[in-house]
Structures are given as structure tokens and as C-alpha cells.
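Every number for a ligand or one of its atoms is a count from 1 in the order of the listing. Bear in mind that the values here come from a model prediction, so they are computed numbers and not experimental data.
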Amino acid sequence: MMERSYEKYFRQNRLPHLWCPGCGNGIAMKAIVRAIESHGENFTQDNTVIVSGIGCSSRASGYMDFDTLHTAHGRAIPFATGIKLANPDLNVIVITGDGDCTAIGGNHFIHGCRRNVDLTVILFNNNIYGMTGGQASPMTPPGMRATTAPYGSIDRPFDACHLAVASGATYVARSTAFHVNHLVEMIKNGFDNKGFSFIEAMVQCPTAYGRRNKFGAPSEMMKWLRDNAVMKAAWDKLPEEKKTPEKFPIGLFYQAEAPDYGAAYDRVIAKAGGASA
Ligand SMILES: Cc1ncc(C[n+]2csc(CCOP(=O)(O)OP(=O)(O)O)c2C)c(N)n1
């Protein structure tokens, strides 16, 4: 029998997954394993750790057959930081949600960026708290409905990519569940950066977000991603009046060289007279 592609990367005994029909999380999860596979021996099931917080998106770590850690809500980045500092040879990937990363975990996020910890953080942005039934997150766009915003959200949302750049991350990119090959590229390139890499993957949530906001079928939500995402190069040339509220740029936003936290920590160990990792 022909081996099904990428099957080895998933814990068969944990499937089927709990995501709703039409959810974009599976697309983003598959994009991660495609990016891992493209890195050959540098990223294998034995040298890669996947850490997540709590939420629908964070369930991905349970389905992926790597060394995985499903931590407390918002706390994936501190756990991942500990793993990376204790064992710098491991590749450490964080999977998080918009609530997990920018609400309860927002402080850990900005400080992870600031320290330039050598992690790859992939935010599955479905614009809502999916797992708990559709409360507004800090990334719910203005005017969109949530159980906690039945007349439309009045909060100004975070642009997590801007936040990551401003906080010190050294690789920042965005893509969507529609632009799968592009998403794989953004993740692959993030793996190559030595320092804090942040990739926002826009994913559709047909149940908690789409239904309440009358997006229609999951395929309509994916068409919305297709029609409103603008490649960064085109976005930069777009006249301001064409940058309507639904439109958003995708691509690489920022990349820089800066010492990563592990290197700085090694210098502390050396100064203190201990053996460097
Ligand atoms: C300390 C704590 N507070 C609240 C919760 C309840 N809770 C679980 S998941 C979640 C929000 C998930 O939203 P998000 O991070 O956007 O992920 P999604 O489910 O949309 O993928 C909340 C509030 C919790 N598990 N722990």
C-alpha cells in the first residue's frame, strides 16, 4: 500500500482531531510539517520540540508526533524558552492562538521578542477565542461580532506582526490558510533565522467567527482570505485609499541580525566561570 504523505508526522492514535469541518487549523498544521520536512536532517521528529498553550490551535501539538508540550493558556513561550536554553541543539516551535499569544500570553510574547529567544512562533489567527465559544480576542477586527461583543467589537485590535517587530523579533512574516505554499515558505524561512521568528497564519474559523459574522461556508471564508490578502511588494505600492479595512498585507515584513538570547546566556555562564552549553 502506498504510504500516505506526511502520515508519520501525526499521532494516529490521537486522530480524528477535534477541529470543526472547514477549520483552517489543519491547513496551518500541515504547512508546519511540510516546512519541517523540507529541512531534512536539521529538523526531524527527534530534534524538534513543539510547544503550545491552550485553545483549538494549541491542540495541534497533541496531534503532531514530535516531543511536544501542551502547556497552560498563554504560557507556551516561557516553557519554550526554558527548553531552548536548557538544550540549545533542539529546534523549538511554538503553536499559539490569537487569544493565547496576545491576550493572556501577551506579556510573554513581547518579552520573548525582546530577548530574541531562538524560537519559531506560529500564531494561528482565527480572530476569535475559538475553543471557548467565540469571545472577542485582541485580534478581533473592529465591528465584528463575538459572544462578548454582540453589537460588534469596539476595541482596536493588535497587529501582531507590528507588535513583534516593535518588540524586537528578528523575523516577522504573515500568510494565510489559502496561500498554502506561501505559508510553507514563510515558516521555512523562519526556521532559518537564529532568533525569535514570528509567523502569523490567518486561518478561517467557520463556527465561532464565520457563522456569527455571516461569512457563509468555509470556502467563502477562504475566498475572503484570497481576495483581501495583498503580497507585501504590491501592498507597498498600493495607494492609501485602496488600503480598505479588510485588506491586509502578507509576506516577509522584517528580518534582522541580532544576538539571540542563548548566545547572551552563554556569555553569562562563561563570566560566572561555568561550562558554556
Ligand atoms: C488561565 C486560563 N484562562 C482561561 C482559560 C479558558 N480558555 C481556554 S482556550 C481560551 C481562548 C482560546 O482562544 P485562542 O487562543 O484565540 O485559540 P483558538 O481556540 O481560537 O485557537 C480560553 C480563554 C484557560 N484554559 N486557562
query: atom 25 (N) of ligand 1: which protein heavy atom is closest, and how many Å away?
result: Ile54 CG2, 3.8 Å

message: Could you identify the single nearest non-hydrogen protein atom to atom 13 (O) of ligand 1 and state the distance to 0.1 Å?
response: Tyr129 CA, 3.4 Å

query: For atom 19 (O) of ligand 1, what is the nearest protein heavy atom, given as residue, atom name and distance?
result: Cys56 N, 2.7 Å

message: Same cluster or not: Trp235 versus Met186, using hydrophobic residues (I, L, V, M, F, W, Y) connected whenever any side-chain heavy atoms lie under 4.5 Å apart?
response: no

- line: Looking only at protein heavy atoms, what sits closest to atom 1 (C) of ligand 1 is Ile104 CD1, 3.7 Å

message: Does this structure show an ion pair linking Asp159 with Arg174, if we count only N-O contacts that are shorter than 4.0 Å?
response: yes

message: For His162, I'd like to know if atom NE2 has over 12 heavy atoms of other residues, nucleotides or ligands within 6.0 Å.
response: no

NZ/NE/NH1/NH2 to OD/OE distance under 4.0 Å, Asp192 and Lys188: no

message: Hydrophobic cluster membership, with links at side-chain heavy-atom distances under 4.5 Å among I/L/V/M/F/W/Y: are Trp19 and Ile128 in one?
response: no

- request: Using the ring of Tyr63 (Phe, Tyr or Trp, six-membered ring only), decide whether Arg11 places NZ or CZ under 6.0 Å from its centre and within 45 degrees of its axis.
  value: no

message: Below 3.5 Å, N or O to N or O, backbone or side chain included: is there any such pair between Asp100 and ligand 1?
response: yes

message: Whether Glu37 and Arg34 form a salt bridge (side-chain N of Lys/Arg under 4.0 Å from carboxylate O of Asp/Glu) is what I want to check.
response: no

field: Shortest protein heavy-atom distance from atom 20 (O) of ligand 1, along with the residue and atom involved
entry: Gly130 N, 2.7 Å

field: Min N/O separation Gly55 to ligand 1 under 3.5 Å
entry: no

- request: Please check if any side-chain donor atom of Gln135 sits under 3.5 Å from a side-chain acceptor atom of Thr132, or the reverse.
  value: yes

query: Counting each atom of ligand 1 from 1 as listed, which ones have a heavy atom of Met131 under 4.0 Å away?
result: 19 (O)

task: Answer with side chain, backbone, both or neither: which part of His73 has a heavy atom less than 4.0 angstrom from an atom of ligand 1?
output: side chain

message: Considering both backbone and side-chain atoms of Ser57, is one of its nitrogen or oxygen atoms within less than 3.5 Å of a nitrogen or oxygen in ligand 1?
response: yes

- request: Answer yes or no: does an N/O atom from Asn126 fall short of 3.5 Å to an N/O atom of ligand 1?
  value: yes

query: For Arg211, does the CZ atom have more than 12 heavy-atom neighbours from other residues, nucleotides or ligands under 6.0 Å away?
result: no

- request: Could you check atom 16 (O) of ligand 1 against the protein and tell me its nearest heavy-atom contact, residue, atom and distance included?
  value: Gly99 N, 2.8 Å

query: Where's the contact between Ser137 and ligand 1, heavy-atom distance under 4.0 Å: side chain, backbone, both or neither?
result: neither

message: Under a 4.0 angstrom heavy-atom cut-off, which atoms of ligand 1 come close to Asp98?
response: 16 (O)

- prompt: In terms of the angle between their ring planes, are Tyr129 and His73 parallel, tilted or perpendicular, with boundaries placed at 30° and 60°?
  reply: perpendicular

message: How far is atom 6 (C) of ligand 1 from the closest protein heavy atom, and which atom is that?
response: Thr132 CG2, 3.8 Å

message: Does any N or O of ligand 1 fall below 3.5 Å from an N or O anywhere on Ser58, backbone included?
response: no

